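The structure appears right after this line, and notes come after that.
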Amino acid sequence: MAVKNLSEIPKAYNPAEVEDKWYTYWEENDTFHSERDDGKEPFTIVIPPPNVTGMLHMGHILNNTLQDIYIRYKKMLGYNACWVPGTDHASIATESKVIAYLKEKGINKFDIGREEFLKHCWEWTDKYGGIIIKQLRKLGTSCDWQRQRFTMDDHYYQKVIEAFVKLYKEGLIYRGYRMVNWCPASKSAISDEEVIYKTIQGKLWHLKYPVIDEQGKIIDHVVVATTRPETMLGDTAVAVNPNDERYKALIGKTVLLPLCEREIPVVADDYVDIEFGTGVVKITPAHDVNDYELGKRHELEFINIFNDDATTNDNVPYDFRNMDRYDVRKKVVKRFDELELLEKVEDYMNSVGYSQRGDVPIEPYLSDQWFMKMDDLAKPALDLVKKGEIKFHPNHWIKTYEHWMDNIRDWCISRQLWWGHRIPVWYHKETKEIYCDVTPPEDIDNWRQEEDVLDTWASSWLWAQDVFTTEEDQKYYYPTNLLVTAPDIIFFWVARMIMAGEKFMGEVPFKDVYFTSLIRDVQGRKMSKSLGNSPDPIDVINDYGADALRFTINYIAPLGQDVLFDIEKCEIGRNFANKIWNAGRFLLMNAQDIELDDSLKDKHIDFADEWIQSRFQNAIKDLHSALDKFEVNQATKIIYSFVWNDYCDWYLELIKNQIYSDDKEIKSAVLTRALLLFEDMLKIIHPFMPFISEEIWQLLSEREAGDSITKTGFPKYDESLINESAEEEIDFVQKVVAAIRNIRGEMNIPPSKQIDVLIKGDELSENQSKYISSLARVKKLEASQNVVKPKASASALAKGAEIYVPLEGLIDLDLERQRLEKEKNRLEGMLAGVSKKLSNEKFVNNAPKDVVEREKAKKADWESSLSKINVLLAELN
RNA sequence: GGGUUCUUAGCUCAGUUGGUUAGAGUGUCUGCUUGACGUGCAGAAGGUCACAGGUUCGAAUCCUGUAGAACCCACCA
C-alpha cells in the first residue's frame, strides 16, 4: 500500500472544491443505481415527493439527509439499497401558481380552456420541476435518479385511475351533494385535512329579529348573536333550546327576517347552548355545518347565497348582490344599525378555518363532490399499526394516528381544478347514466367526462407501490423498508398510503416510519417565508459545506422533538469536517517519505493500538444499536466523540512518539495501522458525511476508476478486539495526565516548562511512562510504592495513586491548599452520602447485592482517598 | 373541550428497564506560535434536574396534582 503523493494538502478543508466533483463522479459511475437482484436483500426507501415546483427548505434537508444516511449505511452493510426519488404534481399548489402567472399576462384559464391551460402547467413543470431535484444533489443524496418518478407520469397516472375505478366499482367511492369546505381562492372543494384553524380576533354581532303574529304584526324581538352577520341573508330559521324557559313561548312562532323580509320559523333543537350568547341562534343551513345538520332535521329551506368565489349571488336582495363576503358583512351591519336592529357588538376570539393552500377563510358550501368511504379502509390500516407490523418512531404517534382513524370521515377527493388526474367518469348526455372505467366509453360523443380532478393525496397515496413500473420490480422492492417524513402529513399521506398498501397490495407499504423533527428558528418559531427566518439551504451549503450541514442538523435533531436551527450551529459540522480533514492530513504528510507495509501492521503493537481498536469496536457496536433504534442524533454523537476525543485527542497523540521515531520500521508499522483504522473510520463517517469521507478515502491510496467508499463494506464488529485491560491502562494514563495538567493550570506552570513527576503507586509499564511523560511534558517520571513526597510539591490523586509534582520555588501554598481543600470537600460530600446509605439497614437488606457491594467499594475507595488528602494537607502546614 | 410532547448548566440538548460523583456541545474565564488542525490544544468556573405531594431502602427517572410552553384534533352561533 502506498499513499498518494501529495505536493500540498490545504490546511483547511474546502468543501466547495470537492463536493460537486464527487457528486458528478458518483453519477457518472452509477453509484446509486439499483437493479433487481434476487441474491440480495433489498432495502428500499421512497422519497416523500416534494412539490414539483417547490424549492428546497430546511425541512427537506433533515428529511433527506436521514434517508441518505440509511440508504448509504444499508448499502455498505450489503443490502441492495434503492432510494426512489420523484416529485408530486401538487394539483392545487401548482395550479394556483400557473393561474397567478397567467393572470399577469392577462390570461384567464377559462378563456383558454382546459387543454391549453394544461400545456401551461406542463411548461411550468418542465421549467421549475428540475430545481428541487438539482438542489437535492447538492446535499449529496444517493437517490437512484434513473428511477425518478412524477405523479403525472403515464404509468403512474394510469395506476391512479385504476385505483379509482376499482374503488368505485366496489362502492367505496360515491358522488354526493354535500356540504364541503370550499376554498374561494382556488374555487375548489378541499378536504377536512386541508383546513387550518386559526384563532382570530373577531366580533360577535347581536342582531334583533322581529317576531310577528299570524297577521304579520310585529309583536316582539329576539336577539341572535353571530360572528358572520352576512350569512343572515341565507337564514331560514331561528333556533332555541327546547328546555330554555325564556324562549318556550317562542317555539313555533314566526320571525320576519330583516332585509330579506322573509318569514322564517322558530324551531327548538338541543344543539342550541342555553348559556352561549343570547340563547337564540340564527340558522343558515347552506353555509354552516351545524346549521346544515339542523336544517336537515327540521326540513328547512337551504338557500345558497354565494358564488364559487364567495361573492353574493342572486338569492340575496338586490342591493346586496355581487359583493365580496366581507363587504356584504359591512353593509348588512350598517343596515341593521340604521334600522335600529343592531343591539350590540362585542369583541370575540374566534377560530376560523382557513384554506391551507389559498390562505383565505374557507366557506362551508353545498356542492356535488366525489367522496371516498373511509370506514372499511381505515380499520385494517389501523390494525396494522396497532399490531406493530408498521412501527412508528417515535411510537407515540400511534395515538395520534389511532385517534384520527377512529374518528375518520369520508374523504372529499374531487377538486374543481384541471391540473391533476381527471376523474374517469362519464355522464351520458341524454340518459344521465354514469360510466366509470379506465377506458372511455366507445360512443364517446354521447358522453361528457367529469370535469373534476382528484385530490393530490388521492394520487400520492399510491407512491410506495407504483413508483415501481414493472411487476417484477414491484414484487422485489415492495414493501419498502423505511419511510422518513414530517409528522404534519401523517393523515394526508402516511395513513392513506397504509390504506392503499393494504387495499391494493394486501401488504404494508413500509415497515418503519421515522417522523422527523420540525425545524424552527432559534426563537422557536416555525420557519416561514413571511417571517424570513428560513435560511436557503443552498446558501448554507455554499458557506459551510453539505457535509457540515448534514452532520449539524442531525447532531442537533433529537428524535421526535423540534429542532431550533441557527446557521451558526453549522460550525459544529464544519469544525468537525475540518478536524477529520486535518487528522487525515497529518497521517498523509507523515506517510509521504516512508513505505507503508501491510505486513507490518501487527508488529510493534502496544496497548495504545489495542486500546483504540477496542474503542473503535465499541463505537461500531453502539452505532449499529443507535441506528437500529432510529436514534440518529445519538449515532452522530458516537461518531463525533470517537473521532475527536478517542482518535484525535488521544490516539494520535499517543502514537506521535512512534510516528517521529527514527526507526523506519516502527514508523511504518504505526502509520500503517493508523491509516488502516482511519480508513475504517471514514467508512463509518461516510453515511453521515459522504463528500469528505470520499475525498479523503480517495487520497489514502491509488484507487481504481469508478471505486468509491460507498461501495466498500461497513467495518464489521469484531468482539475479539474488545480489550478491557488496554482500556483500563489507558484510562489510568488519561487520569494521571489530566491530574498533572490540572496542576499545571492551577499553578500557572507554562506548558513549555518541563516538570518532574513522582507517583506513589504501582510501577508503570514502559509504555505508560512514555505516554505520561510526553502528554504531560514530564522530564523525569518515577513511580513506585516507595515514593516519598518531596517537600514543596503539588499533589493529586488518580485512581488511588498519589501524584507529586515538585515545585520548589514555584509552589503557591495557598493555591495548593485550596486545590486540596476542594478535593477534600468533594470527597467528604460523597462519603457522607454513601455512608448514610450503607448505615440504612433497609438499604442493605433490600437493595440488590451487587448494588450494596458497589456502594461499599465506593466508600472504601473514597475513605482511602480522603485520608491521603488529609495527610497531604497536614504536610502543607 | 379531548389528546400528544416538553420544562435538567447562560444557551441548545443527552441522561436507555429507578442504583457510579447528573453529562456533551456552545458561550464565559485562564493559559498556549507544543513539528494535523486557533475551524485548534490544555485547564477552570457554572445545575435545589419547573413546583408540590406520593410510591420506594433509594427518584432527574415511576405515580398524582399545580404552573408554564409547543403542537395536534374537535369546535363554540
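Just so you know, these numbers come straight off a predicted model, no measurement behind them. Just so it is clear: chains get the letters A, B, ... in the order the sequence lines come, proteins before strands, and each one is counted from 1.
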* Would you mind classifying the nucleic acid contact of A:Glu746 as base, sugar-phosphate or nothing, using non-hydrogen atoms under 4.0 angstrom? => sugar-phosphate
* To do: Please report, rounded to the nearest Å, how far the P atom of B:U21 is from the NZ atom of A:Lys859.
  => 14 Å
* Under 4.0 Å between any heavy atoms, over every strand shown, what does A:Tyr348 touch: base, sugar-phosphate, or nothing? Just pick one. => sugar-phosphate
* **Earlier contact from the 5' end, RNA chain B, for A:Met830 and A:Gly279** => A:Met830
* Distance-only donor-acceptor test (3.5 Å): side chain A:Ser351, base B:C75 -> yes
* Quickly work out the A:Leu518 CG to B:A70 P distance and round it to whole Å. => 14 Å
* Using a strict 4.0 Å threshold on nitrogen-to-oxygen distance, state whether A:Arg325 and A:Glu230 make a salt bridge. => no
* To do: Fit a plane to each ring of A:Tyr640 and A:Tyr555, take the angle between them on a 0 to 90° scale, and name the class: parallel (under 30°), tilted (30 to 60°) or perpendicular (over 60°).
  => tilted
* **A:Glu863 with A:Lys859: basic N within carboxylate O range, under 4.0 Å** => yes
* Determine the interatomic distance between P on B:U16 and the same-named atom on B:U61; round to the nearest Å. => 11 Å
* Asked: OP1 or OP2 of B:A45 sitting under 4.0 Å from any side-chain N/O of A:Lys822?
  -> yes
* To do: Scan for salt bridge (charged side-chain N to carboxylate O under 4.0 Å, His left out) pairs involving residues 396-409 of chain A, sequence neighbours excluded, and state none if there are none.
  => A:Asp192-A:Arg409, A:Lys386-A:Glu402
* For atom C1', what is the distance between B:U8 and B:G23, given to the nearest Å? -> 11 Å
* salt_bridge(A:Glu193, A:Arg496) N-O dist < 4.0 Å -> yes
* Asked: Say you pick atom C1' in B:C51 and the same atom in B:A60; how far apart are they, in whole Å?
  -> 14 Å
* Dot-bracket notation for RNA chain B is requested: 5' to 3', Watson-Crick or G-U wobble pairs only, both distances under 3.5 Å, with ( ), [ ], | and . as defined. => (((((((..((((.....[...)))).(((((.......))))).....(((((..]....))))))))))))....
* Structure fact -> Letter by letter from the 5' end, nucleotides 5-12 of chain B scores (B base, S sugar-phosphate only, - none; protein heavy atoms under 4.0 Å) SS-----S
* **A:Arg741 bridged to A:Glu746 by N-O distance under 4.0 Å** => no
* Determine, for A:Lys344 against A:Glu346, whether the closest basic-nitrogen to carboxylate-oxygen distance falls under 4.0 angstrom. => yes
* Taking the same atom, P, in B:U64 and in B:U28, what whole-Å distance lies between them? -> 43 Å
* **Sugar-phosphate only, base, or nothing, as touched by A:Thr226 at under 4.0 Å among non-hydrogen atoms** => sugar-phosphate
* When the ring centroid of A:Tyr354 is compared with that of A:Tyr197, is the distance short of 6.0 Å? -> no
* Asked: Parallel, tilted or perpendicular: which describes the rings of A:Phe515 and A:Trp397, with under 30° parallel and over 60° perpendicular?
  -> tilted
* Asked: What is the nucleic acid contact for A:Arg744, judged by heavy atoms within less than 4.0 Å: base, sugar-phosphate only, or nothing?
  -> nothing
* **Length of the line joining A:Trp397:CH2 and B:C72:P, which is rounded to integer Å** => 9 Å
* Name all residues meeting the side-chain hydrogen bond (donor to acceptor under 3.5 Å, both in side chains) criterion together with A:Arg585; count only those two or more places apart in sequence or in a different chain, and write none if there are none. => A:Asn582
Taking only nitrogen or oxygen atoms into account, show me every contact under 3.5 Å that the protein makes with nucleotides 17-20 of chain B, one pair per line with its distance.
from  : atom 1 : to       : atom 2 : distance (Å)
B:G19 : O2'    : A:Arg854 : NH2    : 2.6
B:U20 : O3'    : A:Lys858 : NZ     : 3.2

* **C1' spacing across the pair B:A50 / B:C75, given as an integer number of angstrom** => 31 Å
* Asked: What is the ring orientation for A:Phe392 with A:Tyr401, classed by angle as parallel under 30°, tilted 30 to 60°, or perpendicular over 60°?
  -> perpendicular
* Is the distance from OP1 or OP2 of B:G31 to the nearest side-chain N or O of A:Asn748 less than 4.0 Å? -> no
* To do: Specify the closest pair of heavy atoms between A:Gly573 and A:Phe551, including all atoms of both residues, with the distance to one decimal.
  => CA-CD2, 4.2 Å
* Asked: Will you find, in the side chains of A:Thr284 and A:Asp235, an N or O donor that is under 3.5 Å from an N or O acceptor?
  -> yes
* Asked: Looking across every strand, which nucleic acid part, if any, lies under 4.0 Å from A:Asn407 by heavy atom: base, sugar-phosphate, or nothing?
  -> nothing
* Asked: Just wondering, more than 12 heavy atoms not from A:Lys637 lying within 6.0 Å of its NZ?
  -> yes
* To do: For A:Val563, answer base if it contacts any base atom (sugar-phosphate contacts may also be present), sugar-phosphate if it contacts only those atoms, and nothing otherwise; contact means non-hydrogen atoms under 4.0 Å.
  => nothing
* Structure fact -> The contact string for nucleotides 34-40 of chain B, one letter per nucleotide 5' to 3', using protein heavy atoms under 4.0 Å with B, S and - for base, sugar-phosphate only and none, comes out as -BBB-BS
